There are 2 protein chains.
Amino acid sequence: MGSTMHDVARLAGVSIKTVSNVINDYPHVRDVTRNRVLDAIGKLDYRPNLSARGLRSGRTGFISLVIPAVRENYFAELAHAVIGQAERHGLWVMIEQTGGDRKAELQAVSGTGRPHFVDGILFNPVGLHPSDVSSFDRTVPMVLLGERIFGGPTDHVAIENISAARAAVQHLVQRGRRRIAVVGASLDGMEEVGSAGLRLQGYCQALEEAGIPLDPDLVRPSGAWNREAGALAVTGMVEEGVDFDAVFTLNDTLGLGALRGLASAGISVPEDVALIGFDNIDETLYSVPSMTTVDPGRSSIAVTAVDLLVERISGKGADTPPRTIRSSFEIIERESTGSAAPGIGTAAAH
Amino acid sequence: MGSTMHDVARLAGVSIKTVSNVINDYPHVRDVTRNRVLDAIGKLDYRPNLSARGLRSGRTGFISLVIPAVRENYFAELAHAVIGQAERHGLWVMIEQTGGDRKAELQAVSGTGRPHFVDGILFNPVGLHPSDVSSFDRTVPMVLLGERIFGGPTDHVAIENISAARAAVQHLVQRGRRRIAVVGASLDGMEEVGSAGLRLQGYCQALEEAGIPLDPDLVRPSGAWNREAGALAVTGMVEEGVDFDAVFTLNDTLGLGALRGLASAGISVPEDVALIGFDNIDETLYSVPSMTTVDPGRSSIAVTAVDLLVERISGKGADTPPRTIRSSFEIIERESTGSAAPGIGTAAAH
DNA sequence: GTGAAAGCGCTAACAC
DNA sequence: GTGTTAGCGCTTTCAC
């Protein structure tokens, strides 16, 4: 083990309290004393023991970020933003992965079985039912990200899934597309309040507004939201001879896979088929063709969420009722919906 | 605060020691007693306080993974693998980002100023000099990942940068390419032992073996190893009228950017220019065209590294000298170097 | 097989 | 402005 406060105090010829004062930036310490202490700290290579501090103060300086998987780009970028903002508040972030599984999410967030450790939780649910809010851990502050789970006991930074998805489809409609496929959800799941259900609702609303009838053949479920599923969804449509001139993938990763699938099928984007994604992950800028997508305001989500959490942790506004902040989205137009005449290729073959 | 061991002990009608025994799976506890304790734990929703446990036992159950940025796909995938393997040993992982900056890396890993907390450190250096090993924190077990920094005081899971890079270039040579550009390093930095320098050495060796003279115009430095830099590097060559029929990007992200840049320039891959990357990140499978790359054996690196670290933490083999494990690499051939006649396009214009 | 008690390193009253 | 001291919740040695 390393040296302790006592060692530092002894070497500096002061009491342990003074050492503590210096470390915690307590203002009323004379410069001479402070320097003596800092000297001793340097000499001994002293580092505070976080366990002891946590035990005593009830604060550990850690928050946890509960997400499906860092490996998914959207969450990697979210984590990046969260870590950065947390650092500004002097907080460390530990990442807890759930795999998007409802049970694992409940486990992570109900606190059951989880040792008591973090000062707060940032939670991006994916598989949860709205009724699950009742089993949230109430003993530690929590902020919800992403989904809109209304009436929960916690603060919530919500993505405007429905209106953002509607805007995405409107973007395609405005470019003359009529046979717009959606990848990543099934009509059965539309009642659900996860991203899938909500974004699908937005899709339906946009079609209705444009007077385009809903064609079930164009609604393509996909198990996971990964590249493989995206590729399979579009090649599936091609094999089945489904006629389509545009694709709205419910996230960018599906979109990147779809782009890949379309290329394999010899379908050119955006000439034959236009494509729009959702998330604005880094890669969409560098795909071939670059991908039009919906930016859900990820970095502002991270900043807002961390700030809300810090406020709750600090106890300020303990009596403030749960707040819901809606993040603002934006369509980022790139090549995959750019220019060119719509509806040739597979669509023309119809 | 939640309930403590005392509460559980009182409710179960046993002593605090017995509760501790149950929690820590101490074998000699009667089933009746154990069940009574477990009941009480359930009723009180008791969760052990990790700070207290850490303070008392000297173990926190956390290891830290020090990487440039989760946001970079390679590291996101590495983190994923590490978290999974750590879980198997009952360890949590906290991610520390350095931005690839030498100072930040030293800071993260020298321990100076960092509170004493984790049981072990997994460190993937990127900007470090070999001499920096002297300032490593020796008070906590550490395993180095990736670079080959010889003679350090720690275990080390090394990527075979030189031979893997040589194999990548050989792969291009075998497909008839002669004007092979390399993106991501400069000849000035070849003496350095970072990934860039080592991989560049492999490039040079392969050329020499193939009897291809080194053309400085084909060695393209790039500040960062991101998509943008990859795109700029290839468009830069096109604008300068440099003749090339293949590109070796020192990582996949550069490669994805290069693919994008080549597409923008109207150069087709692999017909005009073949491309090979390094890392085998998920996306290379779904890029258009799919990307040939070097798989450095990431998941086995993660498993090996965590296992080595756990061994050091547990104190087993405390007298074992530092070990270096070399991970085995593999060329994953995909479309970007597949088929087709080499050296047309820009190369033919030469 | 279970209990009593010491103490890990720190923070925060409270004295002075 | 600095020192004394109690105790956070747990593990662990040692009795019994």
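Here the structure is a predicted model, which means the values were calculated and not measured. Order of the sequence lines sets the chain letters (A, B, ...), proteins ahead of strands, with each chain counted from 1. Just so you know, these numbers use all the heavy atoms, side chains as well, and skip hydrogens, waters and symmetry mates.
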request  = Quickly, which of A/V140, A/V310, A/I313 forms a side chain to side chain contact (heavy atoms under 4.5 Å, CB included) with A/D119? Name it, please.
outcome  = A/I313
inquiry  = Side chains of A/D307 and A/H89 only: does a donor on one sit below 3.5 Å from an acceptor on the other?
reply    = yes
request  = Measure distances between side-chain N and O atoms of A/R56 and base N and O atoms of C/dG9, and say whether any donor-acceptor pair falls under 3.5 Å.
outcome  = no
[X] has an atom [atom1]; how far is it from atom [atom2] of [N], in whole Å?
X: B/N21; N: C/dG3; atom1: CG; atom2: P; answer: 10 Å
X: B/Y46; N: D/dG9; atom1: OH; atom2: P; answer: 10 Å
X: A/R53; N: D/dG9; atom1: CZ; atom2: C1'; answer: 18 Å
X: A/L50; N: C/dT11; atom1: CG; atom2: P; answer: 10 Å
X: B/Y26; N: C/dT2; atom1: OH; atom2: C1'; answer: 10 Å
X: B/K17; N: C/dA4; atom1: NZ; atom2: C1'; answer: 12 Å
X: A/D7; N: C/dC8; atom1: CG; atom2: C1'; answer: 13 Å
X: A/I16; N: C/dG9; atom1: CD1; atom2: C1'; answer: 7 Å

Please confirm whether the shortest side-chain N or O distance from [X] to OP1 or OP2 of [N] is below 4.0 Å.
X: B/T4; N: D/dG9; answer: no
X: A/S20; N: C/dT11; answer: yes
X: B/R30; N: C/dG1; answer: no

Earlier contact from the 5' end, DNA chain C, for B/V14 and A/H6 = B/V14
query = With nearest nucleotides of DNA chain C determined for A/A52 and B/R34 from heavy-atom distances, which residue corresponds to the more 5′ nucleotide?
reply = B/R34
message = Counting C-beta onward and ignoring hydrogens, is there a side-chain heavy-atom pair between B/F62 and B/L50 closer than 4.5 Å?
response = yes
key: salt_bridge(B/R36, B/D39) N-O dist < 4.0 Å   = no
query = Taking the side chain from A/E105 and the backbone from A/G127, do they hold a donor-acceptor pair closer than 3.5 Å?
reply = yes
key: Sugar-phosphate only, base, or nothing, as touched by A/T33 at under 4.0 Å among non-hydrogen atoms   = sugar-phosphate
note = Quick note, A/T18 side chain, CB onward, closest among D/dG3, D/dC10, C/dG3 is D/dG3
